[in-house]
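In what follows, a structure is listed as structure tokens, so that the remarks can point back to it.
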Amino acid sequence: MIFTPVGELAALVRAREISPVELAEHFLERLERLGPKYNCVVTVMRQHALTQARRAEGEIAAGRYRGPLHGIPYGAKDLLAMAGAPTTWGAAPYKAQHFDFDATVIRRLEEAGAVLVAKLAMIELAGGMGYRQPTASFTGPCVNPWDANAWTGGSSSGSGAAVCSGLVPFAIGSETWGSILSPAGYCGLAGLRPTYGRVSRHGAMALCWSLDKLGPLAQTADDCGLVLDAIAGADPKDPTASERPYRYETMDDKRFRFGLIPSVTEGCEEAVAENFTRSLGVLKKIGTIEEVTLPDLPYEQVTRTILQVEAVSAFEDLIGSGGIASLTAPEDRYTPYAREAILAQDYLKAVRLRAVMAREIDRVLRHFDALVAPGRINEAPVLGQEFRSAIGATAKDVMGAIGNGAGLPAVCVPNGFGVRGLPTSIQFMGRAWEENTVLAAARAYQSLTDWHTRHPKVD
Amino acid sequence: MSEAAKPDGEAEALFETVRLRYGDRLTPAQLEELRKIVAAQVEAARALRAVALTNADEPMQSFAPYRGDER
């Protein structure tokens, strides 16, 4: 059952060849036994999970099958509120925080019959305070299952580690800038950043109101589509959640038109660039690739400025009170103070430029199904060392700046290994609301490659 | 002093607002880090300011008047 994609597990559950209770017991045992090894679990939800699994088992036995997530265990990044369990936001000041309601995503997955087995570790406050190292969580750094000396990426670190090590079939993460694609890429998983507004953020910790998105990490792009189908949709409790309907459709046999920014591998590690070039060769079997030129705009400065200002506003109580002194990463204890020196006029310039950026990138993307690029510029960073990041302006990430700044969907899947034996990845970024198109492209890529079938030795 | 090493007046002034507000909470080493971070922020702001916009370039964020009984 370990590493079996959700779609395949669902078929076994529906045929009653595996029971939801068996599945829950299996993954709970793994979470309890291996979770500490990867430092990826905050709370194992044993009683809750078994209650949900028994309900699912009874419903399926009675012929009331809800769909492909019915009876499937999953984990949630610990920034999603859930009644009856702590919601720590990965940060020491919130270790004992409880909410008396469930996040909409948790509720939607329950309605789909999925079984929440664990709340998963994350970078403190989703990385919005300026962290520069993997240890920036009160639970410590998540360990990459491919290499005990490597990090998982963040801020959805536990979501990456738990799926990668087969502790859950899928997990929910969040992305403001890079927090789904980073752990997915570094752990060799599929990770989907939906269009901004596709998934309700009600009950999720707010880092940046205009940038935060929730999405899945799983073994395959197809699994990400199955999960998105369950969690997407309007929500009166989140005015940014779109009324646009969403149903996952696989778009089999589609031919694709891919766009490529010629300089997109600049700054990438050599193996990342080589693997990406090889991936382009695969993509030529399913479509065309054309070079694109983007307008000259300060993409990274736009998204970074918005992120920094919104984040310190969202946490003005913690920052103003000096509570950030109790955060884990030393740099998180003072960096937020600097954000108060960003002038209102500069912030508004960034917000106005964001509109230009969104229009310009859509003008480019309307001719393509997806822009393709390496998912990450490097293999997973080493534990115990500072890493380079676009948010910290120590690394380039134009795709991330555009995608997050303009709220565009992207999916990342593995495309090889680097010199240290860690996964590398490719991302597909599409027009707003085109999750099915980017998922279809990633799915087609995965149908021609076997990188997603390779897994670390975890037991 | 070389051109590159000249103090940036704007960055220094903005850093000073941070130091005045929060300096009593911070160590000298943290303040020095903040000085560099503020300088980087000013560089980013200059990249934003360098792009010309027109009067018609609005922020892409919506505001809706509120009536509680219509929600």
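- In this structure, the portion of A:Val356 lying under 4.5 Å from any heavy atom of chain B is its side chain and not its backbone.
- Within 6.0 Å of atom CG in B:Asp24, more than 12 heavy atoms from other residues, nucleotides or ligands are found, so the atom counts as buried in its surroundings.
- The environment of B:Glu32 atom CD is dense: over 12 non-hydrogen atoms of other residues, nucleotides or ligands sit within 6.0 angstrom.
- Heavy atoms closer than 4.5 Å to chain A are found in both the backbone and the side chain of B:Ala47.
- Distance alone, capped at 3.5 Å, is enough to place a donor-acceptor pair between the A:Lys349 side chain and the B:Val51 backbone.
- A:Tyr334 and B:Leu26 make their closest contact through CB-CD2, 3.6 Å (heavy atoms, listed as atom of the first residue, atom of the second, distance).
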*So B:Asp57 and A:Arg354, salt bridge (Lys or Arg N to Asp or Glu O under 4.0 Å) or not? Walk me through it.*
CA-CA 10 Å; B:Asp57 284 314; A:Arg354 176 188 214 174; over 6 Å; no
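- Inter-residue side-chain proximity for B:Met60 and A:Leu353 is flagged as unmet; no heavy-atom pair is nearer than 4.5 Å.
- Neither the backbone nor the side chain of B:Glu16 has a heavy atom closer than 4.5 Å to any heavy atom of chain A.
- No side-chain donor from either of A:Tyr337 and B:Gln30 sits under 3.5 Å from a side-chain acceptor of the other.
- Between B:Leu14 and A:Leu343, some side-chain heavy-atom pair lies under the 4.5 Å cut-off.
- For A:Arg339, the parts lying near chain B are the backbone and the side chain together; criterion is any non-hydrogen pair under 4.5 Å.
- Of all the heavy atoms in A:Thr305 and B:Leu48, the pair that sits closest is OG1-CD1, 3.7 Å.
- With a 4.5 Å cut-off on non-hydrogen atoms, B:Arg35 does not touch chain A at all.
- Residue contact with chain B, scored on non-hydrogen atoms closer than 4.5 Å, involves the side chain of A:Gln308 exclusively.
- With a 4.5 Å cut-off on non-hydrogen atoms, A:Ala325 does not touch chain B at all.
- Judged purely by atom type and a 3.5 angstrom limit, A:Arg352 has no side-chain atom pairing as donor or acceptor with the backbone of B:Pro59.
- The closest side-chain heavy-atom distance from B:Arg46 to A:Gln301 is not below 4.5 Å.
- Within the 4.5 Å cutoff, side-chain heavy atoms of A:Asp346 are placed close to those of B:Arg49.
- Across all their heavy atoms, A:Ala355 and B:Glu58 have their closest contact at CB-O, 3.5 Å.
- A:Glu331 contributes atom CD, which lies 12.0 Å from atom CG of B:Leu34 (distance to the nearest 0.5 angstrom).
- Contact detail for A:Ala338 and B:Val18: the closest heavy-atom pair is CA-CG2, 4.3 Å.
- Taking chain B as the reference chain and counting heavy-atom pairs below 4.5 Å, the highest number among A:Ser321, A:Pro330, A:Ala358 is found for A:Ser321.
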